[in-house]
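To start, the structure itself, in structure tokens.
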Amino acid sequence: MICIIIVAGHGAKLEQEILRDESGQFTDLINVPKALLPAAIQSNASSGSNWKFSDDQRILNCWWDLLKSRQQFKEVYLVTNADKYKHYERWATANEFPVPNIVNDGSTNAENSIGAIAALELTIRSKNINDDILVVAGDMIFDQNFSIEQLLDYFKHKKGDLAIYYDLEENKSTEQRGIIEIDSSSGRIVKFLEKPKPEETASRLACPVFYCLCKSTLPYISKYTDLYREPKDRSFGCFMSWLVNEGHTLYGMKLPSQFQLIGKIDLSEYTSWIQSSIKRNEEPALKPITVRTYARVGLIGNPSDGFNGKTISLTIGDFWAEVTIKPSTKLKLNLHPLNDPTEFGSLSDLYGISRREGYLGGLRLLQATCKKFYEYCSSNGIALARKNFSLSYETNIPRQVGLAGSSAIISSTFKCLMKFFNLTENDIPKPKQPQFVLNVEEEELHITAGLQDRVIQIYEGLVYMDFSEELINRQGHGNYIPMEINDLPPLWLAYVSDPSDSGKIHSTVKERWRGGDEEVIKGMKDFAEITDQARDAIETKNTNQLLELMNANFDLRKKLYTEKALGEKNMRMISIGRKYGSSAKFCGSGGAVVGLCLDEKKKYEMIQEFQSEGFVVCDLKPYDGATKGSDKIEREL
Ligand SMILES: *[C@@H]1O[C@H](CO)[C@@H](O)[C@H](O)[C@H]1NC(C)=O
Ligand SMILES: *[C@@H]1O[C@H](CO)[C@@H](O)[C@H](O)[C@H]1NC(C)=O
Ligand SMILES: *[C@@H]1O[C@H](CO)[C@@H](O)[C@H](O)[C@H]1NC(C)=O
Ligand SMILES: *[C@@H]1O[C@H](CO)[C@@H](O)[C@H](O)[C@H]1NC(C)=O
């Protein structure tokens, strides 16, 4: 790939105002081309009347730092005009830019200017460029670093031309920019408007001169310059707009940065920009962000979520996983002292811990989530700011009892990353977020799971979910409908205290389902039916009916999976519950059960029996996050 920086414009309004300024503050900047104007002032001088500009931080240096620091480009060229050539030559020598790579377009003033697209065409022709290219205007500037690698990853992934865009600041007019309309599902730019009036488009997505063009697009550039010979038609915006109108495929990638100093900016805009850059540097570092995600209980319908069924589940307030993200000079994942042990009391201590807890701490969950997050953003045209962070986690969700502890850590990490990189549901729509979490587990960690846990941990509260094949094929996700959590009767929760010998469930249900086994397919339909009935029972507060349905749910599970595969301890918990007239069914894949007991006296006896057999039992405390619409989950420290 080749990079071409364009700085061939003439008579910028800014340069003229600097020339005419009578205050004497800007004499050092007279005749300096816009791209070589200082990008910083020394902060101690900001209050006085005389500006103290930084000598080595020029606007162009910001680009050069970004481009040269990566070994991504075979060559970087700079195209300028005859008038300003010497300035750039001097800059190149001082900044280790190869002088032979400066192209002179021969123009000396605005009247004989050849236009930006012609300057590009000249560079391609005179340097025999026959490669993919990245083109940027070197006289604009970004306010937040981003990763060129990630941008080029997206370009390679899409194998098509790419325009960079950003959200125009509220204050800025569309009439100075190229504005695009984009189809968010394909990432394709459907309309490119050069400097449109506000009534011409509702879009405020602006394109700076910052494009990746495929080798195969280069002939269109000379075709265009042959067709349009007036300098006024030879802006990048006109060319891109023509290209899109010709039916050419152009993708968009959104950068987190705002772009400044675009178009005909004047001296006052420049000075206020450079002053605000001091303020930005002085701003205290971003605060740490902590996000909590709660454990979940599958109330009804599970495990049909993995089989195009329907389920209802809820978040519980007693158990949660919390992840904290902090800005950091290095990217760092912090070990959890208990869950990721690296030091032991003795060899027998190591033996005991490993036997009980295995080798699967939480660190791999953080790492896998970060990896997938980058991957998701890179393949969906979301560029991330280049900044480092540290992640740490804390959790009190009992391990290996099917309360979705791993998925809670992943969900919290994901929510932290979203906040840290300032992404919203516009970038990753909420109904797609559970699938993201599931992909981390299935594709990175080879955990087999259904969507239910991730849906409830993203939505929170009590949610009815429909995973019908038809829905998922049509919209890419199920239907997730929040329910009133206060409609629920009091529930209890019991779980094994020593999950290491609860036995793993080995079952062939998934294979049978994939193979079209009629019993399994019918069973999953029955789960969905039970769920619909339970939804009615909850809404009408028909507690007896709900109790029956929970039992029916378990009985159906037992029939499909067989008692042996469900494990002895799990079966024991169910039978203790049933013995006292309570309903009892698995919360997830085993290890914990949820039940509904209508008789207080019997419930007391039941709890005694659970406890004397070594199970842990408690009242279940539903956690209603989403329906209250509060920000309870996000505690900003
Ligand atoms: C980009 O990062 C470099 C070093 O990492 C820093 O010097 C520069 O100020 C940053 N630029 C912006 C616009 O944040
Ligand atoms: C627009 O920006 C200018 C400076 O860039 C600022 O002084 C002004 O307050 C802004 N106006 C609004 C409505 O934000
Ligand atoms: C991120 O951290 C690495 C070291 O871990 C460092 O080399 C790099 O410069 C940092 N990047 C930023 C933008 O601070
Ligand atoms: C985050 O994004 C919103 C809108 O997308 C924007 O208004 C806000 O300024 C951004 N915040 C930061 C810190 O970039």
Side-chain angles (χ1 to χ4, degrees), residues 3 5 39-40 43 54 56-73 76 95-97 134 136 138 140-155 164 166-167 208 210 212 253-260 273-274 276-290 323-336 340 342 361-393 413-414 416-423 427 444 637:
C3 176
I5 305 174
S43 52
S54 154
D56 34 64
Q57 199 55 16
R58 309 285 166 162
I59 291 169
L60 188 54
N61 287 90
C62 300
W63 286 104
W64 184 224
D65 288 349
L66 192 69
L67 300 167
K68 75 166 183 213
S69 62
R70 306 287 145 190
Q71 310 279 310
Q72 302 277 4
F73 302 102
V76 180
N95 290 280
E96 292 170 29
F97 184 95
L134 171 77
V136 296
M140 62 182 186
I141 193 158
F142 43 91
D143 69 1
Q144 187 164 48
N145 279 325
F146 48 87
S147 152
I148 283 280
E149 288 150 301
Q150 199 202 355
L151 194 147
L152 298 183
D153 280 350
Y154 187 61
F155 177 58
I164 304 310
Y166 64 101
D167 276 321
F210 192 170
C212 292
M253 182 177 207
K254 186 168 180 187
L255 279 201
S257 202
Q258 301 282 348
F259 285 80
Q260 310 285 335
W273 170 76
I274 203 168
S276 70
S277 73
I278 301 177
K279 235 190 307 154
R280 269 198 297 277
N281 288 338
E282 284 171 352
E283 261 168 30
L286 278 169
K287 288 191 203 140
I289 301 166
T290 297
V323 172
T324 300
I325 193 165
K326 280 189 209 160
S328 159
T329 49
K330 286 196 224 165
L331 204 158
K332 192 159 185 300
L333 308 179
N334 293 310
L335 294 168
H336 186 281
D340 305 295
T342 54
L363 197 72
R364 72 205 166 103
L365 306 176
L366 306 186
Q367 188 175 356
T369 312
C370 291
K371 186 229 176 199
K372 272 289 187 199
F373 183 75
Y374 181 87
E375 203 168 272
Y376 182 94
C377 293
S378 301
S379 55
N380 284 280
I382 305 163
L384 299 171
R386 206 172 73 200
K387 49 186 188 175
N388 286 334
F389 54 84
S390 72
L391 283 175
S392 47
Y393 73 98
T413 309
F414 169 68
C416 277
L417 291 169
M418 291 277 287
K419 286 189 130 303
F420 185 74
F421 287 103
N422 204 18
L423 305 190
D427 301 298
E444 297 302 310
L637 296 181

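Residues: numbered from 1 along the sequence shown. No hydrogens, no waters, no symmetry mates; every other heavy atom, side chains included, goes into these values. Counting convention: from 1, in listed order, for ligands and their atoms alike.
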Next on the checklist: With a heavy-atom distance limit of 4.0 Å, tell me whether T329 approaches ligand 3 through its side chain, its backbone, both, or neither.
Outcome noted: backbone

Next on the checklist: If you count every heavy atom of other residues, nucleotides or ligands that lies below 6.0 Å from K326 atom NZ, does the total exceed 12?
Outcome noted: no

Checklist entry - How long is the span from the CG atom in D167 to the CD atom in Q258, to the nearest 0.5 Å? => result 7.0 Å

Checklist outcome for this item: The atoms of ligand 3 lying under 4.0 Å from a heavy atom of R386, numbered in the order shown, are 13 (C)

Next on the checklist: Using a plain distance cutoff, I'd like to know if K387 has any nitrogen or oxygen under 3.5 Å from a nitrogen or oxygen of ligand 3.
Outcome noted: no

Checklist outcome for this item: Quick note on ligand 3: atoms under 4.0 Å from a heavy atom of K330 include exactly 2 (O), 5 (O)

Next on the checklist: Please tell me whether D340 and Y393 have a donor and an acceptor in their side chains that are separated by less than 3.5 angstrom.
Outcome noted: yes

Item to check | Euclidean distance, N145 CG relative to C62 SG, rounded to 0.5 Å | outcome: 8.5 Å

